[in-house]
2 protein chains.
Amino acid sequence: MLKLTKKTEYALIALSHLSHAEGNNTINVREISDHNNIPFPVLSKVLQQLAQKDFVEPVKGARGGYHIKGDLSKQNLLQFLERMEGPIGLVDCITVHGCTHSDTCVIRSPLQIINDTIISVFNEMSLADVIKHHHFAPDQIPEGISGG
Amino acid sequence: MLKLTKKTEYALIALSHLSHAEGNNTINVREISDHNNIPFPVLSKVLQQLAQKDFVEPVKGARGGYHIKGDLSKQNLLQFLERMEGPIGLVDCITVHGCTHSDTCVIRSPLQIINDTIISVFNEMSLADVIKHHHFAPDQIPEGISGG
DNA sequence: TGCAATAGGACTAAATAGGTCGTAATTTTA
DNA sequence: TAAAATTACGACCTATTTAGTCCTATTGCA
């Protein structure tokens, strides 16, 4: 249904929150969950996953928490989405291969093109672009944006 | 999770099948479901919905079925998807309005831009482009396609 | 030792997607 | 007119995914 999962949404919010910490200070899950109205245990798992995938670094024990790992402007949105949600495919046959409908399935090739286009959109955007509340200047707006 | 529903997939396959009928002849659901290995009752409902939304015209009774209504090259994919699946929004706050997280939610604006870009991709493609098994010539391939 | 924090498994609940069944209505054909 | 073929449509069931809860380690600081 062309929607990100809450997990991914929470992950972006958390990364954003962490990226605004003074000098990349450690911030704990409770603060992020309180500030953004996200259930603590859920956000907790999301951050564990972000840590497993090397987007953030955990600091255990009292006064622990998380901070951003690496340079978000060098990580692209596509890799992030694929690591959080798995491969992106509008229909199964794009990611799974093998059409269950017919040998001469007519929709696959065009959907593949649409899918590739979407992927390229994600590929051209860094994580930093997404989480840093970036406002595009008029001449920076990517082409073809309708505004709706 | 950035995937079309089966319903939409079936709808595209059905439109494709119908569009290949000689002289826009009527084709019944059974033929389409047999030919594409789609459960008959499911496809049946999909076509009823396509008829309600004016993409196809039903012909009742024996020897009845459906045929394409109007010119698919004049209908765009965006309208089709929105009519089949509802408004397209990567996260709820794009379609619903009103962020439940915080007043200063930092991810909405960039996600809005990504969303608009995706929408423009769908907007620039006609239904005919999708269902007619179109192969892009090398110089027609939309920019930025990675091929994965 | 006690508290504050992450780590992570097991479980439940809710939403969505996908599919089945039964029956009515309509139209052609014999 | 009866039978067969077909769409129309609602009620229901099931599987999967998504979202969230709970409990119990484990780690490290004070």
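Computed from a prediction, not measured in an experiment: that's the story for all the values here. Residue numbers begin at 1 in each chain, while the letters A, B, ... track the order of the sequences.
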- request: Answer yes or no: is there a donor N or O on one side and an acceptor on the other, between the side chain of B/Arg30 and the main chain of B/Phe40, under 3.5 Å?
  value: no
- prompt: Mapping A/Gly64 and A/Gln52 to their closest nucleotides on DNA chain C, which lands nearer the 5' end?
  reply: A/Gly64
field: A/Gln48 CD to D/dG20 C1', straight-line distance once rounded to whole Å
entry: 14 Å
- prompt: CD of B/Gln49 versus P of C/dA17: gap in Å, rounded?
  reply: 12 Å
Polar atom pairs (N or O), protein with nucleotides 28-30 of chain C, under 3.5 Å:
none

query: Are a donor atom and an acceptor atom from the side chains of A/Thr117 and A/Ser120 found within less than 3.5 Å of each other?
result: no
A/Phe80 and A/Glu85: CA distance, side-chain angles, deciding distance, side-chain contact (heavy atoms from CB on, under 4.5 Å) verdict: CA-CA 8 Å; A/Phe80 172 77; A/Glu85 306 212 335; over 6 Å; no
- prompt: Quick one: A/Met1 CE to D/dT18 C1', roughly how many Å, whole number?
  reply: 12 Å
message: In whole Å, I'd like the distance from the CG atom of A/Leu50 to the P atom of C/dA7.
response: 11 Å
message: Applying a strict under-4.5 Å side-chain criterion to I, L, V, M, F, W and Y, I'd like to know whether B/Ile94 and A/Ile131 cluster together.
response: yes
message: Do A/Val59 and A/Leu47 land in one hydrophobic cluster if side-chain heavy atoms of ILVMFWY residues count as linked below 4.5 Å?
response: no
Same apolar cluster: B/Met84 and B/Ile88, side chain cutoff 4.5 Å: yes
d(CG, A/Leu2; P, C/dT16) in whole Å: 15 Å
Stepwise side chain to side chain donor-acceptor pair (under 3.5 Å) check, A/His17 with A/Asn36: CA-CA 9 Å; A/His17 199 118; A/Asn36 296 282; 3.2 Å; yes
Within the sub-3.5 Å range, which N or O atoms of nucleotides 18-22 of chain C have a protein N or O partner, and how far apart are they?
residue	atom	partner	partner atom	Å
C/dG18	OP2	B/Lys6	N	2.8
C/dG19	OP2	B/Tyr10	OH	3.1
C/dT20	O4	B/Lys45	NZ	2.9

query: Linking I/L/V/M/F/W/Y whenever any side-chain heavy atoms sit under 4.5 Å apart, do A/Val42 and A/Leu15 land together?
result: yes
statement: Rounded to whole Å, the CG-P distance (A/Asp34 to C/dA5) equals 11 Å
query: A/Asn37 has an atom CG; how far is it from atom P of D/dG20, in whole Å?
result: 10 Å
field: Between P of C/dA17 and CD1 of B/Ile38, the distance in whole Å
entry: 18 Å
